Amino acid sequence: MSDHFFVVTGGPGAGKTSLITELSRRGFHTIPESGRAVIREEMASGGDALPWGNRMAYAEQMLEQHLRAYEDAQALSGPVIFDRGIPDIMGYLTLCGLPVPPHVAATAKAARYNARVFLTPYWDEIFTQDTERTQTRTEAEATCAVMRETYTALGYKITELPCTDIASRADFVSAQLAL
């Protein structure tokens, strides 16, 4: 387990990336979300490993990126904050009604993060869609619920983030990391 690795998870459009950006600005080591990177790469190359294409291939690409980021982050000192973690892939597959391959489940159990996971709850007032985030509000709410269930089932303790401005959320996370 890497006690200094912290995950921010939740549904799409709940402020995860904005929070990660603010924490980076404040000097924390941060790791960007792999899903958006995979989407950009696949769209640029004409690939089909996309959430609206070959979902299993998309999950495998995310796993590769997460593992690379996890390994690279081992060299960093102090808190490292991840925009989603390996268990998010399990949640994604569950949402899609796809089986979680044994190697994905084994990786999620082996590559551990700090027991405290920060969850951005669904927040209707800030939810938006874009070319990479195509989920509906209903899907965003379901994603949040599945991420909570997935991380909890893996033994993580969920700390729900308050629905407040980015600076206040970053203050909250900073205070929690200082405990």
Side-chain angles (χ1 to χ4, degrees), residues 1-42 44 49 51 58-93 100-101 103-121 126 132-133 143-144 146-162 164-179:
M1 180 199 296
S2 292
D3 280 341
H4 68 291
F5 288 2
F6 294 86
V7 172
V8 177
T9 190
K16 290 178 305 303
T17 303
S18 297
L19 172 62
I20 298 289
T21 300
E22 174 61 17
L23 291 167
S24 177
R25 189 190 69 72
R26 293 182 182 200
F28 287 98
H29 296 293
T30 59
I31 307 296
E33 179 185 4
S34 67
R36 282 187 179 261
V38 170
I39 291 169
R40 283 190 290 273
E41 290 168 10
E42 290 295 300
Y58 176 64
E60 292 291 349
Q61 291 288 333
M62 285 192 297
L63 180 61
E64 284 180 32
Q65 288 209 7
H66 274 293
L67 282 172
R68 215 172 13 256
Y70 189 93
E71 290 167 9
D72 291 348
Q74 297 291 337
L76 301 173
S77 61
V80 180
I81 303 163
F82 290 76
D83 189 341
R84 299 198 178 277
I86 294 168
D88 282 76
I89 299 165
M90 294 175 63
Y92 167 75
L93 291 168
V100 175
H103 72 280
V104 173
T107 301
K109 290 176 184 167
R112 301 287 295 180
Y113 302 88
N114 187 284
R116 178 192 312 253
V117 170
F118 296 101
L119 178 83
T120 56
I126 67 168
E132 296 165 359
R133 183 190 303 126
T143 301
C144 182
V146 166
M147 295 310 164
R148 179 188 301 273
E149 292 165 11
T150 300
Y151 277 91
T152 300
L154 288 168
Y156 290 97
K157 293 176 180 44
I158 301 297
T159 298
E160 190 168 309
L161 295 176
T164 187
D165 63 90
I166 296 301
S168 296
R169 270 189 169 179
D171 290 345
F172 178 85
V173 170
S174 296
Q176 295 294 309
L177 296 180
L179 294 178

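These values consider heavy atoms only, across backbone and side chains, with no hydrogens, waters or symmetry-generated copies. Given the structure is predicted, the values throughout are model-derived calculations rather than measurements.
- Between Phe118 and Phe6, the angle of the ring planes lies from 30° to 60°, which puts this pair in the tilted group.
- Shown here are the side chain to side chain donor-acceptor pair (under 3.5 Å) partners of Glu41, two or more places apart in sequence or in another chain: Gln65.
- Between Ala49 and Val38, the closest heavy-atom pair is O-CG1, 3.7 Å.
- For Glu160, the salt bridge (Lys or Arg N to Asp or Glu O under 4.0 Å) test picks out Arg148, with sequence neighbours left out.
- The two residues Ile166 and Leu19 come nearest to each other via the heavy atoms CD1-N, 4.1 Å.
- For the atom pair CZ (Arg84) and CD1 (Ile31), the distance works out to 15.5 Å, reported to the nearest 0.5 Å.
- In this structure, Tyr156 contributes its side chain and Asn114 its backbone to no donor-acceptor pair below 3.5 Å.
- Applying the salt bridge (Lys or Arg N to Asp or Glu O under 4.0 Å) test to Arg25 and every residue at least two apart in sequence or in another chain returns Glu22.
- Of the inter-residue distances, the one linking Asp83 atom CG with Asp88 atom CG reads 8.5 Å to the nearest 0.5 angstrom.
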Full working for side chain to side chain contact (heavy atoms under 4.5 Å, CB included) between Leu63 and His103: CA-CA 10 Å; Leu63 180 61; His103 72 280; 3.8 Å; yes

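- Glu60 pairs by the salt bridge (Lys or Arg N to Asp or Glu O under 4.0 Å) definition with nothing, not counting sequence neighbours.
- To the nearest 0.5 angstrom, Leu93 atom CG is 10.5 Å from Tyr58 atom OH.
- Using a 4.5 Å cut-off on side-chain heavy atoms (C-beta onward), Val173 and Phe28 make no contact.
- The backbone N or O of Ser77 lies less than 3.5 Å from no partner atom in the side chain of His4, so there is not a single donor-acceptor pair.
- Contact between Ser34 and His66 at its shortest, heavy atoms only, is OG-NE2, 3.0 Å.
- Taking CG of Leu23 as the reference point, atom CD1 of Ile81 lies at 4.5 Å (rounded to 0.5 Å).
- Of the residues Val146, Leu119, Val117, the one that meets the side chain to side chain contact (heavy atoms under 4.5 Å, CB included) test with Tyr151 is Val117.
- Nearest heavy atom pair, residue Phe5 against residue Gln74, reads CE2-NE2, 3.5 Å.
- Note that CZ of Arg116 and CD of Gln176 are 4.5 Å apart. Values are rounded to the nearest 0.5 Å.
- Annotation: the span from Glu149 atom CD to Met90 atom CE amounts to 12.0 Å, rounded to 0.5 Å.
- Between Phe82 and Tyr113, the angle of the ring planes goes over 60°, which puts this pair in the perpendicular group of the 30/60° scheme.
- Residues forming a salt bridge (Lys or Arg N to Asp or Glu O under 4.0 Å) with Asp171 (at least two apart in sequence, or on another chain): Arg26.
- Scanning all heavy atoms of the two residues, the minimum distance from Ile86 to Ala111 falls at CD1-CB, 3.7 Å.
- A donor-acceptor pair under 3.5 Å is absent between the side-chain atoms of Arg40 and the main chain of Gly35, judged by distance alone.
- Val80 approaches Ala73 most closely through the heavy-atom pair CG1-CB, 4.0 Å.
- Partners of Ser24 under the side-chain contact (heavy atoms from CB on, under 4.5 Å) rule, at least two apart in sequence or in another chain, are Thr30.
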